[in-house]
There are 2 protein chains.
Amino acid sequence: MNYSRQRELILKTVKENKIHPTAQDIYELVKEKSPNISLGTVYRDLNFLAEAGIIRKIDIGDKQIHFDGDISEHCHFVCLDCGKIHDIERKDYCHDENKNLIAKGFIPLRKDVIIYGQCPVCNKKEREN
Amino acid sequence: MNYSRQRELILKTVKENKIHPTAQDIYELVKEKSPNISLGTVYRDLNFLAEAGIIRKIDIGDKQIHFDGDISEHCHFVCLDCGKIHDIERKDYCHDENKNLIAKGFIPLRKDVIIYGQCPVCNKKEREN
DNA sequence: TCACAAAATAGTAATCATTACTAATTATTT
DNA sequence: AAATAATTAGTAATGATTACTATTTTGTGA
């Protein structure tokens, strides 16, 4: 009995919205279809799904946790101008093979890579001014 | 008048303590030498110093911000068992040259890399049990 | 089909790191 | 030394997240 109507809806919403939504974002989106859903339920279910590895948490240091329905290997680019979070494919960033770390006895299990900078749109705007 | 007695002491404490302390850690350390310093001052000065690029903020997703007096290029390894934050040298992780990103119009300015896993000490403990 | 037990929910209260605020203090400038 | 500007201590406020509880939902097995 793991998937209630609310939980299914929350999962669907995270998968469909590629904007890397926060819990609050999800809450507002889900409320359109399930008006009296509780914010607590949204938080609980998002954590449940992340724990199960079905969605992914992203911490970009803006005090709110973002969620990503795409759990394929990729990293994130945060634009310091507009704040948008862009997906970066594996081939677009060099991936550490961790050889040296492993040689020293570390067991790398998870790596969070977040690149901050200026996205193409904001860079274009700046060049035009 | 940028460097008050308190601010100097906070900076010195961050530089001397390699444990990647939180604001609360710093507050307790600094209180030994300056007993009636305020927690607000510690937060304000740590942010001031980070803003100035003299120290570095680290967000490892444990709800508290950690600070690092070492601003040389390195990333962090967080042990999922003991929670300790280890410094990882540049040569021990493959560094992205960002060529592909730049070709697509992104301007990478800062990259936060945090690797989570098991440190050598915790791995040894596990193998012994 | 129906009752029972386990899990999930809604709604609200509590938590806790961080920030904001203010009056008092300290440092800098002329 | 007076005027001015920055900094501080202490406290209150903020806001995302978690905890709690009574109620509802859901799956299961007789």
Side-chain angles (χ1 to χ4, degrees), chain A residues 1-14 17 19-68 78 83 85 112 114, chain B residues 1-14 17 19-52 54-68 76 78 83 85 112 114:
Chain A
M1 193 200 323
N2 276 334
Y3 286 83
S4 65
R5 193 175 44 80
Q6 289 93 328
R7 192 166 292 172
E8 286 287 6
L9 184 55
I10 288 166
L11 175 56
K12 188 165 165 283
T13 307
V14 176
N17 284 276
I19 55 157
H20 309 88
T22 64
Q24 190 69 42
D25 293 335
I26 295 294
Y27 175 59
E28 273 148 32
L29 286 164
V30 163
K31 225 168 23 175
E32 291 170 15
K33 298 202 172 170
S34 184
N36 57 347
I37 197 164
S38 163
L39 182 56
T41 299
V42 174
Y43 271 103
R44 189 175 0 83
D45 285 355
L46 285 172
N47 281 331
F48 177 94
L49 294 165
E51 198 81 17
I54 297 162
I55 65 174
R56 180 174 160 188
K57 282 187 177 189
I58 314 168
D59 187 340
I60 62 163
D62 69 344
K63 309 282 167 200
Q64 280 162 279
I65 292 163
H66 296 252
F67 294 88
D68 193 345
V78 180
I85 303 172
D112 285 0
I114 300 172
Chain B
M1 193 200 329
N2 277 332
Y3 285 84
S4 66
R5 194 175 44 81
Q6 290 93 328
R7 193 167 291 172
E8 285 286 8
L9 184 55
I10 288 166
L11 175 56
K12 189 165 164 284
T13 307
V14 176
N17 283 276
I19 56 159
H20 309 89
T22 63
Q24 190 69 41
D25 293 334
I26 294 293
Y27 175 58
E28 273 149 33
L29 287 165
V30 163
K31 226 174 11 180
E32 292 170 14
K33 299 202 173 174
S34 183
N36 57 347
I37 198 166
S38 162
L39 182 58
T41 299
V42 174
Y43 271 103
R44 187 171 6 80
D45 284 357
L46 286 171
N47 281 331
F48 178 94
L49 293 164
E51 197 81 18
I54 297 163
I55 65 174
R56 181 173 158 187
K57 281 187 176 188
I58 314 168
D59 188 339
I60 62 164
D62 68 345
K63 309 282 167 201
Q64 281 162 281
I65 293 164
H66 296 253
F67 293 88
D68 194 345
H76 296 104
V78 179
I85 304 172
D112 285 0
I114 300 174

In whole angstroms, the gap separating P of D/dA16 from CD1 of A/I58 amounts to 18 Å

Are any of A/Y43's side-chain N or O atoms less than 4.0 Å away from OP1 or OP2 of D/dT18?
no

Between CG of A/D45 and P of D/dT26 the distance, given in whole Å, is 13 Å

Between B/N47 and C/dT19, is there a contact of a side-chain N or O with OP1 or OP2 at under 4.0 Å? yes

Here the distance between atom C1' of C/dT26 and atom CG of B/N36, to the nearest Å, is 14 Å

In whole angstroms, the gap separating P of D/dA16 from CG of A/L46 amounts to 15 Å

To the nearest angstrom, the OH-P distance between B/Y27 and D/dA9 comes to 9 Å

Double-helix bend of the helix from C/dT1-D/dA30 to C/dT30-D/dA1, axes at both ends from 5 pairs, round to 10°, gives 30°

> Any side-chain N or O of B/Q6 under 4.0 Å from OP1/OP2 of D/dA9?
Replying inline: yes

For a quick test of reading the model: is some side-chain N or O of B/R7 closer than 4.0 Å to OP1 or OP2 of D/dT7?
yes

| request: Please check if atom NZ in A/K12 has more than 12 non-hydrogen atoms from other residues, nucleotides or ligands closer than 6.0 Å. | output: no

Worksheet item: Any side-chain heavy atom of A/Y3 within less than 4.5 Å of one from A/L49?
Response: yes

Query raised in the report: Does the side-chain contact (heavy atoms from CB on, under 4.5 Å) test come out yes or no for A/V42 and A/L46, once each step is laid out?
Result: CA-CA 6 Å; A/V42 174; A/L46 285 172; 3.7 Å; yes

Looking at A/T22, does any N or O in its side chain come under 4.0 Å of the phosphate oxygens OP1/OP2 on D/dA16? no

From CG of B/L39 across to P of C/dA20 the rounded distance in Å is 14 Å

Between CZ of B/R5 and C1' of C/dT25 the distance, given in whole Å, is 11 Å

Is there a side-chain polar atom (N or O) of B/T41 under 4.0 Å from OP1 or OP2 of D/dA9? yes

Q.
Would A/R7 pass as a cation-pi partner of A/F48, given that its NZ or CZ must be under 6.0 Å from the six-membered ring centre and within 45 degrees of the axis?
A. yes

Original post:
What is the nucleic acid contact for A/R44, judged by heavy atoms within less than 4.0 Å: base, sugar-phosphate only, or nothing?
Top reply: base

By nearest-heavy-atom nucleotide on DNA chain C, the more 5' of B/G40 and A/S38 is A/S38

B/I37 CD1 to D/dT8 P, in whole Å, measures 7 Å

>> So, does A/S4 get its side chain near the phosphate of D/dT26, meaning an N or O under 4.0 Å from OP1 or OP2?
In response: no

Please check if any side-chain donor atom of B/D25 sits under 3.5 Å from a side-chain acceptor atom of B/H20, or the reverse. no

Less than 3.5 Å apart, any donor N or O on the side chain of B/K57 or B/N47 sitting next to an acceptor on the other? yes

Practice problem: Go through the steps to decide whether A/K33 and A/L29 satisfy the test side-chain contact (heavy atoms from CB on, under 4.5 Å), and finish with yes or no. | Solution: CA-CA 8 Å; A/K33 298 202 172 170; A/L29 286 164; over 6 Å; no

